[in-house]
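Presented below is the structure to which this report refers.
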Number of protein chains: 2
Amino acid sequence: MGRVTLQTIADHVGVSRMTVSNAFSRPDQLSARLRDRILAVANDLGYVGPDPTARALASGTAGTVGLLLSDTLTYALTDEVAMTFLAGISDELVPTGLALTLLPASPQDTIVPARDVAVDGALVYSCDPQSTAVGWLLRRRLPLVFVDQAAAPGIASVNIDDRLGARAAAQHVVDLGHRRVAIVTIGHGGEYGVLASPPEALVANTERQRLLGWTDALGAADIEPVVIRQPHAEPDDMGYTAAQIALGLADRPTAILCFSDAIAGGVIRAIQDAGLRVPEDVSVVGFDDNPLARRTRPALTTVRQDVRAKGRAAAAALITAIERAKTRPAGRGRHIVLPTELVIRDSTAPPPKTIAPAKR
Amino acid sequence: MGRVTLQTIADHVGVSRMTVSNAFSRPDQLSARLRDRILAVANDLGYVGPDPTARALASGTAGTVGLLLSDTLTYALTDEVAMTFLAGISDELVPTGLALTLLPASPQDTIVPARDVAVDGALVYSCDPQSTAVGWLLRRRLPLVFVDQAAAPGIASVNIDDRLGARAAAQHVVDLGHRRVAIVTIGHGGEYGVLASPPEALVANTERQRLLGWTDALGAADIEPVVIRQPHAEPDDMGYTAAQIALGLADRPTAILCFSDAIAGGVIRAIQDAGLRVPEDVSVVGFDDNPLARRTRPALTTVRQDVRAKGRAAAAALITAIERAKTRPAGRGRHIVLPTELVIRDSTAPPPKTIAPAKR
DNA sequence: TAGTTCTTCTTTACCAGTACAGTACCACGC
DNA sequence: GCGTGGTACTGTACTGGTAAAGAAGAACTA
């Protein structure tokens, strides 16, 4: 069947295939007159442009970068912070003309996107570095950037200062005079419910770092927090059930530190539904400072991170890594750590003098 | 530089290149013994698997589908409804092993993802059908599915029943006895502020359809709504400013119909900040029924759409379209319309007998 | 006027696979 | 003892481009 290729056009115009290729890809390599003629003929023949797959093979660039998300795509995507991260990535990517390919962790092993889809490099966002998907990317020797996960030698990484941020949050409630503190966190893998094992055992790096930060400050004040870990299964219940557990404890906490603002939202609802007040009865601190934090009533005290900047930094680092890979055999990546900042709003206050009973 | 290809492995094992290819891609074509031997040698040589770009060229499949989002990626992505849509897409895509490539509308014209990135088909989500990016996809004759935009002949589409949903929302406030109704909508392109032109003039199909639906019901009750259109620039102010305009009108509306729940959130805050109550002074209706709608206080009356199902339907339609394109020259796509449903909660009530003055 | 450089186009040599049609060998049935 | 069918592997012929060096004529320099 009459598929139109560069050769078809070349024959029609009476030039070599290479010249037609240049007409599309390197306009400076031929005269403007000839180029216009070629483009006109191409248009008449219904030629759209050089075939992307063929071009990818010949030139060695796919024109897109991968993004590997933890677990199922599905799971990571429900998080609204992830959206902002994506937006940050696209800020950097769009001007370069690169596309972004989401690489789901495949359930099968016949087709595995991380192994079988063409990309020029990839961002690895909050994944288990031991996972098979990450393994494939490493073996392919693609330029990589690790984001929100433990830095690996030789691989560029972008992180926020989770530990310091969490530490500041915990120090804040300590300074307010709280002595009974609960932590509500979320993650995947490991045990759920009231957590007994030390933070080091957790798989998810972000969670581990924040837990270390919280216990840094609490430990220094000789406070042993109750850590409640809730699976990420029900997006609608984020933190609600965990908070109920915390409130039901004999020594009810007067402050709850949360892994994210989304969780803090659920925690606040649980507190209010139990007939208690925030911050008069229980103080709550979030993490992220997402747009909702400002609007929540009471406005949420939280640890700000600039997720969009994180996305930009990650994409920029990847672009550099790809550039470098073209010339040098292998570059050692830089490790970027972005700052966090405690934002004090209305959800934290000194602990109550006497503990009000939970109604309900 | 010893790059390892199928040939390298073939030479080592002493079989033909084709057999090595089959060992990876079509295990049933050779004996298990030989296959294991080949795989072992491949592993020793550090071979990861058939090169994705070469495979794409030779087999004619890229292993990924495109997603074209309106305008800048950046812009579409801040919307949390878009996230749920993505999750729905991945529900269908993941089991097939396909990846998802986000195709940003490029600002330049040397590299245009919609034209230059290899995909097996594409979803076009809420785009202007006249845009150049859509034009490229059409010219490439890729299997396409249009989502949330005007159906085009010969192209499969997935929509929700925006018009009927909006109509139900409007009918609801009419039934409650409201006579002064404002509409707060959002979109891109065209005039902003109090809208004078008829709905038909709007570019964005979703917005146009909902506007038609609202005016269907209001028109039948002989009510002329005030339509306020706010640009999508400031994601943090969604609906707030528009609501302030509405509340400042001489004939202050007693009901406000909103394009989305996110806008409704801003509208409610604006009403409350003006010292008025929802729903006693002003009723508010949203659209989407996103998770927040339930949590908002008061809980939001809204029009539910199943965004995730929409994503699933779109991806499924695309997969069928791709399947069919392999055999038949061109299939005419089906047009799917998903239902909407009015969910009545606490943000709507009969209008007040007397109009309370706005404080502040 | 000859040498040099530019511009413009062409030649050659890949890129790394897959599809499809063989071919050789074996077992089976009668 | 010969067709018949199945399994296991191979040979040939593509897929549609790009990089890099080469060649031919024009323009520029000395």
Side-chain angles (χ1 to χ4, degrees), chain A residues 1-39 41-42 45-63 110-111 115-118 120 140-141 326-327, chain B residues 1-11 13-39 42 45-63 110-111 115-118 120 140-141 326-327:
Chain A
M1 66 170 263
R3 188 173 160 77
V4 181
T5 71
L6 288 184
Q7 191 63 62
T8 321
I9 299 166
D11 294 347
H12 271 257
V13 181
V15 294
S16 77
R17 181 167 87 235
M18 199 59 230
T19 301
V20 181
S21 171
N22 285 332
F24 284 99
S25 305
R26 297 169 64 171
D28 56 316
Q29 295 295 302
L30 69 168
S31 68
R33 269 181 62 97
L34 180 56
R35 174 159 193 258
D36 290 345
R37 225 172 86 219
I38 291 173
L39 260 38
V41 172
L45 294 172
Y47 186 76
V48 183
D51 182 292
T53 55
R55 192 209 285 251
L57 176 58
S59 71
T61 60
T110 48
I111 311 178
R115 183 189 55 191
D116 300 324
V117 173
D120 294 327
R140 282 172 74 178
R141 301 181 188 233
K326 284 180 190 162
T327 56
Chain B
M1 57 161 269
R3 187 175 160 76
V4 181
T5 72
L6 288 185
Q7 191 63 62
T8 322
I9 300 166
D11 294 346
V13 180
V15 294
S16 77
R17 179 167 87 235
M18 200 58 232
T19 300
V20 181
S21 171
N22 285 333
F24 284 99
S25 306
R26 298 169 65 171
D28 56 315
Q29 295 294 302
L30 68 166
S31 66
R33 272 181 60 97
L34 179 56
R35 175 159 192 259
D36 289 345
R37 226 173 84 219
I38 291 173
L39 261 37
L45 294 172
Y47 186 75
V48 183
D51 181 291
T53 54
R55 190 208 285 251
L57 177 59
S59 71
T61 60
T110 47
I111 311 180
R115 182 189 57 191
D116 299 324
V117 173
D120 293 327
R140 281 172 74 177
R141 301 184 189 232
K326 285 180 190 164
T327 56

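Naming: A, B, ... by sequence-line order, numbering from 1 per chain.
Atom CD1 in A:I38 sits about 8 Å away from atom P in C:dC9, given to the nearest Å. Distance, A:R17 CZ to C:dT8 P: 22 Å, rounded to whole Å. Atom CG of A:L30 and atom C1' of C:dC6 are 15 Å apart (whole Å). The CD1 atom of B:I9 sits 12 Å away from the P atom of C:dA16 (whole-angstrom rounding). Between B:N22 atom CG and C:dA19 atom P there is a gap of 9 Å when expressed in whole angstrom units. For the pair B:F24 CZ and C:dA16 C1', the computed distance is 13 Å after rounding to whole Å. Between the CG atom of B:L57 and the P atom of C:dG17 there is a distance of 12 Å, given to the nearest Å.
Nearest approach of A:I9 to A:A42, heavy atoms of both residues: CD1-CB, 3.7 Å. The minimum heavy-atom distance between A:T110 and A:R115, with the atom names listed, is O-NH2, 3.1 Å.
Residue B:Q29 is the one, among A:V20 and B:Q29, whose nearest nucleotide of DNA chain D lies closer to the 5' end (criterion: closest heavy atom). Comparing B:A54 and B:M18, the nucleotide of DNA chain C nearest to each residue sits closer to the 5' end for B:A54.
Taking 4.5 Å as the limit, some side-chain heavy atom of A:D51 sits within range of a side-chain heavy atom of A:R3. For the pair B:L30/B:I38, a side-chain contact is recorded, criterion being any heavy-atom separation below 4.5 Å from C-beta on. Between B:V20 and B:R17, the closest side-chain pair of non-hydrogen atoms is not below 4.5 Å. Using a 4.5 Å cut-off on side-chain heavy atoms (C-beta onward), B:V13 and B:T19 make no contact.
Taking only side-chain nitrogens and oxygens, B:R3 comes nearer than 4.0 Å to OP1 or OP2 of C:dA16. Applying the 4.0 Å criterion to OP1 and OP2 of C:dA16, one finds that B:T5 has every side-chain N and O outside that range.
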Report task. Check the pair A:Y47 / A:L6 against side chain to side chain contact (heavy atoms under 4.5 Å, CB included), numbers first and verdict last. Result -> CA-CA 9 Å; A:Y47 186 76; A:L6 288 184; 3.5 Å; yes

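Within 4.0 Å (heavy atoms only), A:Q7 reaches no atom of the nucleic acid at all. Contacts of B:T53 with the nucleic acid, taken as non-hydrogen atoms under 4.0 Å apart, are absent. A:R26 comes within 4.0 angstrom of sugar-phosphate atoms only, judged by non-hydrogen atoms across all strands, and of no base. B:Y47 comes within 4.0 angstrom of sugar-phosphate atoms only, judged by non-hydrogen atoms across all strands, and of no base. Nucleic acid contact class of A:S31 (heavy atoms, under 4.0 Å, all strands): sugar-phosphate only.
In the 5' to 3' direction, nucleotides of DNA chain D lying under 4.0 Å from heavy atoms of chain B begin and end at D:dC9 to D:dG16.
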